[in-house]
Amino acid sequence: EAGVAQSPRYKIIEKRQSVAFWCNPISGHATLYWYQQILGQGPKLLIQFQNNGVVDDSQLPKDRFSAERLKGVDSTLKIQPAKLEDSAVYLCASSLESSFQETQYFGPGTRLLVL
Amino acid sequence: GDSVTQMEGPVTLSEEAFLTINCTYTATGYPSLFWYVQYPGEGLQLLLKATKADDKGSNKGFEATYRKETTSFHLEKGSVQVSDSAVYFCALNDYKLSFGAGTTVTVRA
């Protein structure tokens with residue numbers, strides 16, 4: 001079974017530039033998550049989708065971050081404009097459903113450096 | 001809100017030593033508890049989980065028991081190997097997955 005795919009794996013940009021990350025979840029997984037992991041910390045949920053609808057985006061800085069999940073499969077996360085403090089690893093995860101007992105499966109992450 | 005506190009690292013052990021990583025949690029409901037592991041250069045992967053009080057999760061020689069009375073989910077392994085060197089994250093899911101800060105474990109031959 002193919003895992004969660006993410007691209008790119010690494011990205012370096014200047015502050016105030018824009019950047020986009022892509023995620024393809026495990027086939028059949030209805031729920032998709034984006035996390036931000038700052039160095040030395042655990043991942044923090046940014047947004048959760050159930051199919052193509054948003055379930056929770058309470059921690060998403062909506063003035064600069066946006067995300068979409070068209071057709072309930074792939075998802076993109078965008079940052080515009082980027083700030084220095086956005087330097088982090090962005091993780092995508094998916095699960096069969098959104099139950100709190102479900103295991104979330106994580107992709108390899110995109111490491112973003114903002115200069 | 002929900003939170004997870006885990007033992008600070010880094011932890012350095014010799015091969016065949018006993019490993020314990022403490023994890024305590026605060027939650028308003030009855031969460032599921034997880035241990036995730038991140039090996040060098042790899043993504044996060046589930047190590048084990050427990051979904052209700054007194055459940056024991058186990059995998060690859062690791063064990064953790066869901067203790068509601070002490071709000072704990074400590075990770076243990078009786079004899080570690082060099083290949084167990086990784087960052088270990090304790091997490092809870094009540095309505096969303098919340099992680100601890102991670103504990104870096106290094107096992108020396």
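Contact annotation: the side chain of A/Gln104 approaches that of B/Asn93 to within less than 4.5 Å [non-hydrogen atoms, C-beta and beyond].
By the rule that hydrophobic residues join a cluster once side-chain heavy atoms approach within less than 4.5 Å of another member, B/Val107 and B/Tyr88 end up as members of one cluster. Under a hydrophobic-cluster definition in which Ile, Leu, Val, Met, Phe, Trp and Tyr are linked whenever side-chain heavy atoms come within less than 4.5 Å, directly or via other members, A/Tyr90 and A/Val114 are assigned to the same cluster. Residues A/Leu45 and A/Tyr105 fall into different hydrophobic clusters, defined by Ile, Leu, Val, Met, Phe, Trp and Tyr side chains chained together at heavy-atom separations under 4.5 Å. Placement of A/Trp34 and A/Val54 within a single hydrophobic cluster is found when ILVMFWY residues are connected by side-chain heavy-atom separations under 4.5 Å, directly or transitively.
In this structure, chain B has no heavy atom under 4.5 Å from any part of A/Gln6. Using a 4.5 Å cut-off between heavy atoms, A/Gln41 contacts chain B through its backbone alone, with no side-chain atom that close. Contact annotation for A/Tyr35: only side-chain heavy atoms (C-beta onward) come within less than 4.5 Å of a heavy atom of chain B.
The two atoms that bring B/Leu44 and A/Pro43 nearest to each other are CD1-CG, 3.7 Å, heavy atoms only. Pairing each heavy atom of B/Leu97 with each of A/Phe106, the nearest pair is CD2-CZ, 4.2 Å.
No donor-acceptor pair closer than 3.5 Å links the side chain of B/Lys96 to the backbone N or O of A/Asp56.
Partners of B/Glu8 by side chain to side chain contact (heavy atoms under 4.5 Å, CB included), not counting sequence neighbours: none found.
For A/Leu39, the CG atom sits in a loose shell: 12 or fewer heavy atoms of surrounding residues, nucleotides or ligands are nearer than 6.0 Å. Within a 6.0 Å radius of CZ in B/Arg108, no more than 12 heavy atoms belonging to other residues, nucleotides or ligands are found. A/Lys62 NZ: more than 12 foreign heavy atoms inside a 6.0 Å radius. B/Glu16 CD: 12 or fewer foreign heavy atoms inside a 6.0 Å radius.
Proximity to chain A at a heavy-atom threshold of 4.5 Å picks out B/Tyr30, B/Pro31, B/Ser32, B/Phe34, B/Tyr36, B/Gln38 from residues 30-40 of chain B, in numerical order.
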